[in-house]
Amino acid sequence: MSGGGEKGLGATKTPADFLKSIRGRPVVVKLNSGVDYRGILACLDGYMNIAMEQTEEYVNGQLKNKYGDAFIRGNNVLYISTSKRTLPEGS
């Protein structure tokens, strides 16, 4: 039976809770143009403006560029997801 749905799950997580929980972790940011940026999520604001560190730019799955820091305007963001990418030691 699927009554309340929250039974035994604890507190309900909102998208804002998820975004707070992934700060400092590797993420993939996909833009409306189809370009992916992969790196460490440094911070973001309510407009989905994103600051990333150790950022790599992928176009059609191919690495095109590497940036130290990158800033992405929120209206270009299609989605943000956590990444399985492992970072080199000492990064």
Side-chain angles (χ1 to χ4, degrees):
M1 295 179 105
S2 57
E6 289 184 47
K7 198 174 193 178
L9 294 178
T12 303
K13 287 191 83 161
T14 65
D17 294 333
F18 167 73
L19 293 171
K20 286 178 194 169
S21 74
I22 62 171
R23 282 185 53 194
R25 293 181 47 200
V27 296
V28 176
V29 177
K30 183 144 188 122
L31 304 187
N32 295 325
S33 65
V35 176
D36 288 353
Y37 288 90
R38 301 176 190 180
I40 305 298
L41 180 65
C43 62
L44 69 148
D45 66 12
Y47 296 101
M48 293 294 287
N49 296 317
I50 298 168
M52 296 175 68
E53 299 170 341
Q54 302 173 35
T55 310
E56 298 174 338
E57 178 182 45
Y58 288 83
V59 178
N60 297 323
Q62 301 256 350
L63 178 62
K64 290 294 179 187
N65 219 332
K66 291 187 177 188
Y67 306 102
D69 294 332
F71 299 92
I72 301 171
R73 186 171 170 175
N75 67 333
N76 295 311
V77 176
L78 183 62
Y79 67 78
I80 302 174
S81 83
T82 55
S83 172
K84 303 262 190 276
R85 177 181 136 187
T86 55
L87 296 173
E89 289 292 322
S91 293

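Sequence positions, counted from 1, serve as the residue numbers for this chain.
Nearest heavy-atom pair, Thr55 versus Ala70, reported as atom, atom and distance to 0.1 Å: OG1-CB, 3.7 Å. Nearest heavy-atom pair, Lys13 versus Ser21, reported as atom, atom and distance to 0.1 Å: NZ-OG, 4.0 Å. Between Tyr58 and Arg38, the shortest heavy-atom contact is CE1-CD, 3.5 Å. Smallest separation of non-hydrogen atoms from Ala42 and Arg23: O-NE, 3.5 Å.
Other members of a hydrophobic cluster containing Phe71 are absent, since no ILVMFWY side chain comes under 4.5 Å of it, directly or through relayed contacts. Other members of a hydrophobic cluster containing Tyr47 are absent, since no ILVMFWY side chain comes under 4.5 Å of it, directly or through relayed contacts.
Residue pairs satisfying the side-chain hydrogen bond (donor to acceptor under 3.5 Å, both in side chains) criterion with at least one member in residues 67-77, sequence neighbours excluded, are listed as follows: Glu57-Tyr67, Asn65-Tyr67, Arg73-Asn75.
Hydrophobic cluster membership is shared by Ile72 and Val59, with clusters built from Ile, Leu, Val, Met, Phe, Trp and Tyr side chains linked at under 4.5 angstrom. Residues Val35 and Val77 share a hydrophobic cluster, clusters being chains of Ile/Leu/Val/Met/Phe/Trp/Tyr side chains in contact below 4.5 Å. Under the 4.5 Å side-chain heavy-atom criterion for ILVMFWY residues, a single connected hydrophobic cluster contains both Met48 and Tyr37.
Taken from CG in Asp36 to CG in Leu31, the straight-line distance is 7.5 Å, to the nearest 0.5 Å.
Checked against side-chain contact (heavy atoms from CB on, under 4.5 Å), Asn60 has no partners two or more places apart in sequence or in another chain. For Ser33, there are no side-chain hydrogen bond (donor to acceptor under 3.5 Å, both in side chains) partners, not counting sequence neighbours. Residues satisfying the side-chain contact (heavy atoms from CB on, under 4.5 Å) criterion with Ile22, sequence neighbours excluded, are Phe18, Leu19, Arg25, Val27, Leu41, Ile80, Thr82. The side-chain contact (heavy atoms from CB on, under 4.5 Å) test applied to Lys66 returns Glu56, Leu63, not counting sequence neighbours.
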